[in-house]
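Counting convention: from 1, in listed order, for ligands and their atoms alike.
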Amino acid sequence: MSGNHTTAVEANFDGLPGPTHTYAGLSYGNVASAANARTPADPRAAARQGLAKMRLLAGRGFVQGVLPPHERPHLPTLRALGFTGSDAAVLEAAWRAHPGLLAACASASAMWTANAATVSPAPDTADGRLHLTPANLVAMPHRAIEAAVTARVLRAVFPEGNRFAHHPPLPAHAAFGDEGAANHTRLAAAHGAPGVEFFVYGRTAFDSGAPAPTRFPARQTFEASAAVARRHGLIPARTVFARQNPALIDAGAFHNDVVCVGSAGTLFFYEDAFADTPGVLDALRRALAAVEAELTAIAVPAARVSVNSAIRSYLFNSQLLLRPDGGLLLVLPAEAREDPAVRAYVEDLLSSGGPIREALHVDLRQSMRNGGGPACLRLRVVLTDADRAAANPAVFLDDALAARLEAWVDRHYRDRLTIDDLRDPGLADEGRRALDELTGILRLGPVYDFQQ
Ligand code: SUG
């Protein structure tokens, strides 16, 4: 480990599933979202499962933050679409126009904070500040409406100034489609050491010759990834771009984090994750050599785990956390224990003598049924001691905050919701009351439209 680095921690900021968590089949190319479309959801259980994961990891000594749900149904979007009158009239007219339209404006999808932003920590940037770009999420209408409030929330957590630099979302066009940290991985000898930033994209907008998926959409473009790297002031020799294997996007890997996760010097991935996997590993090795770090590449062979098992079990959508003793902890969804091939692979992995030494399985079934595993629910933010001191202290989870949030969920959330319920104006009122109280608990200030 090189000596010339500051002390830093990796904080995981989990999104809290919101009171309108539903299964609306909104994400074409996300097989879980399609498979569970229109089945009833349990928003209270979704939020409790998310909080239980946060509590577990905070209890293990990992720095855990919490990010709030967004206001849903989002009446300002519905009004911008031309629906007028009282909230009840707007909701009813939107429902009649198309239930899917109302469902898109009511989705609790902001819970998947791996898509909230791309974050480049201080040791990687030219000006030594932590840079954030909220993702524009233009590929899906229900997600594109997240960016504005995400930007406000991130500013309320990381005050702009000499520690934190906020960029606006990229221009809202498919050529610059940006899905945030789900397609971004940071590798480094230690959290506080200079690192390598690894961007994975699904297609190029200005090079029609490059193979693209044929069945499902590639949400992230090279142009978006390159723009984020430029704005964040990343060092080119320590930045690697890779094209995702289009066949895997067509099999349901709608983000790179469905087939790959990395932490410290370890990259854990499906063997065919990239269009040119040997080339990607070479580029990562060279870039890591520039910061005196080494790559441990753990490729899971198709002969051990089929693509379908990988995607159904969400083996790779796990969190890879660096323990104080240098070992890595893999936080997997419970579904990974239920697939015999995946379960056997993980057992072998833990006894192989490699860097991944421990596995924890967590029940996130409510989120998983929409294609969101442990890794989707969290945004990683490497914070130096000075950054940590400058961040909003009220969003870091300890037992007291966890208990307060659990009680808040129990007070405000329903335990059953179908998309038919989304037109109930009472649900919109309940949501605003809950979020108003939450901004007080997390000391965020007025981040929602209804508070402006
Ligand atoms: O964007 N699902 C999300 C899941 C996001 C997972 N994030 C990461 N892989 N990092 C999506 O596809 C489904 C909502 C619905 O169908 O109701 C949804 O938006």
Side-chain angles (χ1 to χ4, degrees), residues 12-15 17-18 20-43 46 50 67 69-70 72-73 99-119 135-147 150 177-185 200 202 216-220 244 248-249 251-262 270 273 310-320 333 364-380 417-422:
N12 282 272
F13 285 83
D14 280 49
T20 59
H21 161 64
T22 38
Y23 301 117
L26 297 172
S27 285
Y28 184 61
N30 168 341
V31 289
S33 155
N36 297 303
R38 305 187 80 98
T39 61
D42 181 343
L67 295 175
H70 291 192
R72 295 290 182 272
L101 173 61
L102 178 58
C105 295
S107 174
S109 55
M111 70 171 88
W112 298 297
T113 54
N115 306 116
T118 305
V119 181
N136 61 22
L137 295 170
V138 292
M140 308 275 156
H142 69 293
R143 304 225 57 186
I145 60 174
E146 293 171 30
T150 295
D178 178 19
E179 299 274 319
N183 294 318
H184 172 257
T185 309
V200 180
F216 290 146
R219 301 192 197 183
Q220 179 93 28
Q244 200 182 343
L248 286 192
I249 297 176
F254 55 97
H255 290 135
N256 176 59
D257 71 1
V258 174
V259 284
C260 173
V261 60
Y270 198 62
I311 290 171
R312 259 203 312 268
S313 71
Y314 258 35
L315 165 63
F316 299 97
N317 199 258
S318 49
Q319 287 177 255
L320 201 49
L364 296 169
R365 287 184 203 278
Q366 286 288 321
S367 169
M368 282 287 286
R369 288 166 56 78
N370 255 337
C376 297
L377 284 163
R378 61 90 176 100
L379 179 66
R380 292 191 276 190
L417 206 64
T418 65
I419 61 167
D420 293 0
D421 298 321
L422 297 172

key: Proximal ligand 1 atoms for A182, defined as those under 4.0 Å from one of its heavy atoms   = 10 (N)
note = Within 4.0 Å of some non-hydrogen atom of G371, the atoms of ligand 1 are 4 (C), 6 (C)
message = Would H255 count as being in polar contact with ligand 1, using the rule that some N or O on each side must be under 3.5 angstrom apart?
response = yes
request  = Starting from the C-alpha separation in whole Å, work towards a yes-or-no answer on side chain to side chain contact (heavy atoms under 4.5 Å, CB included) for H142 and S27.
outcome  = CA-CA 9 Å; H142 69 293; S27 285; 3.3 Å; yes
ask   = Is the shortest distance from a heavy atom of R219 to ligand 1 less than 4.0 Å?
value = yes
message = Using a 3.5 Å cut-off on N or O atoms only, is Y314 in polar contact with ligand 1?
response = no
inquiry  = Please evaluate residues T20 and S107 with respect to the criterion side chain to side chain contact (heavy atoms under 4.5 Å, CB included), reporting the C-alpha separation (whole Å), side-chain torsions for both, the decisive distance (0.1 Å), and the verdict.
reply    = CA-CA 6 Å; T20 59; S107 174; over 6 Å; no
request  = Give yes if a backbone or side-chain nitrogen or oxygen of G25 is under 3.5 Å from a nitrogen or oxygen of ligand 1, and no if not.
outcome  = yes
key: Option among L102, L26, T39, T22 that satisfies the side-chain contact (heavy atoms from CB on, under 4.5 Å) test with I419   = T22
task = Look only at interatomic distance and state if L26 has a nitrogen or oxygen under 3.5 Å from any nitrogen or oxygen of ligand 1.
result = yes
key: R369 NZ/CZ over Y23 ring centroid, <6.0 Å and within 45° of normal   = yes
key: From N256, L377, N370, I419 - option closest to atom 15 (C) of ligand 1 by heavy atom   = N370
ask   = A114 heavy atoms, cut-off 4.0 Å: which ligand 1 atoms fall inside?
value = 10 (N)
Audit row: D421, T418, side chain to side chain donor-acceptor pair (under 3.5 Å) steps and yes/no = CA-CA 5 Å; D421 298 321; T418 65; 3.3 Å; yes
remark   = min-distance protein heavy atom vs atom 8 (C) of ligand 1 -> C376 SG, 2.8 Å
Which residue and heavy atom of the protein sit nearest atom 5 (C) of ligand 1, plus the separation = R143 NH1, 3.5 Å
A24-ligand 1 polar pair, N/O distance under 3.5 Å = yes
request  = Looking only at distances, please establish whether an N/O atom of ligand 1 is found under 3.5 Å from an N/O atom of H142.
outcome  = yes
Chi angles and distances behind the side chain to side chain contact (heavy atoms under 4.5 Å, CB included) call for M368, C376 = CA-CA 9 Å; M368 282 287 286; C376 297; over 6 Å; no
task = Kindly state whether the ring of Y28 and the ring of F216 have centres lying under 6.0 angstrom apart.
result = yes
For T22, the ligand 1 atoms whose distance to one of its heavy atoms is below 4.0 Å = 17 (O)
ask   = How far is atom 11 (C) of ligand 1 from its nearest protein heavy atom, and which residue and atom is that?
value = S27 OG, 3.4 Å
request  = Under the side-chain contact (heavy atoms from CB on, under 4.5 Å) rule, collect the residues that match up with T185, sequence neighbours excluded.
outcome  = L187, F198, N256, L267, R380
request  = With heavy atoms of S33 as the reference, note each atom of ligand 1 found under 4.0 Å away.
outcome  = 13 (C), 15 (C), 16 (O)
message = Tell me the protein heavy atom at minimum distance from atom 10 (N) of ligand 1, and give that distance in Å.
response = D257 OD2, 2.7 Å
Side-chain donor-acceptor contact under 3.5 Å, H70 with E146 = no
note = In this structure, CG of L379 is separated from CG of D14 (nearest 0.5 Å) by 9.5 Å
query = Any N/O of Y23 closer than 3.5 Å to an N/O of ligand 1?
reply = no
query = Got a sec: does the CZ of R38 have more than 12 other heavy atoms crowding it under 6.0 Å?
reply = no
